[in-house]
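Single-structure report; data block below.
Quick note: residue numbers are just sequence positions, from 1.
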Amino acid sequence: MSIKVTLPTAFVRHTDGRKHFNSAASNLPGLIADIDQTFPALSTQIKDEEGKLRRFINIYVNDEDIRFLGGEAYAFQDGDEIMLIPSIAGGCA
């Protein structure tokens, strides 16, 4: 099984310039473990001090928010396209 992971430009500096990579992970915890091993610099950006996915990181599976698919329990399917997207906030008063 293989899934394709796409990263936004903001994360590319933590992956030696790679915007896409493939993973054999079967679920979100497996993907996070794969990122820990393959891209440790990215791992520090997407996980908090307790090793949990940061609240502002949104995960999309085939353009659908993983929270609506069952969250961490969702089982990836062969060919799924996963996107890790940081929330963006800000503005001026």
Could you check whether any side-chain heavy atom of [X] comes within less than 4.5 Å of a side-chain heavy atom of [Y], counting everything from C-beta outward?
| X | Y | value |
| --- | --- | --- |
| Y60 | T6 | no |
| N62 | Q77 | no |
| V61 | Y74 | yes |

Is the distance between the ring centroids of F11 and F39 under 6.0 Å? no

Answer yes or no: is there a donor N or O on one side and an acceptor on the other, between the side chain of N58 and the main chain of P86, under 3.5 Å? no

Report the distance from atom [atom1] of [X] to atom [atom2] of [Y], rounding to the nearest 0.5 Å.
| X | Y | atom1 | atom2 | result |
| --- | --- | --- | --- | --- |
| E81 | H20 | CD | NE2 | 9.0 Å |
| H14 | I46 | NE2 | CD1 | 10.5 Å |
| I82 | I59 | CD1 | CD1 | 8.5 Å |
| S2 | F76 | OG | CZ | 11.5 Å |
| K47 | I57 | NZ | CD1 | 12.5 Å |
| D80 | S23 | CG | OG | 11.0 Å |

Answer yes if I66 and M83 sit in the same cluster of Ile, Leu, Val, Met, Phe, Trp and Tyr residues linked by side chain heavy atoms under 4.5 Å apart, and no otherwise. no

Joint cluster assignment, V12 & I35, ILVMFWY side-chain distance < 4.5 Å: no

Is R54 atom CZ crowded by more than 12 heavy atoms from other residues, nucleotides or ligands, each under 6.0 Å away? yes

Greater than 12 external heavy atoms within 6.0 Å of D63's CG: no

Please evaluate residues L53 and L28 with respect to the criterion side-chain contact (heavy atoms from CB on, under 4.5 Å), reporting the C-alpha separation (whole Å), side-chain torsions for both, the decisive distance (0.1 Å), and the verdict. CA-CA 10 Å; L53 192 64; L28 185 56; 4.2 Å; yes

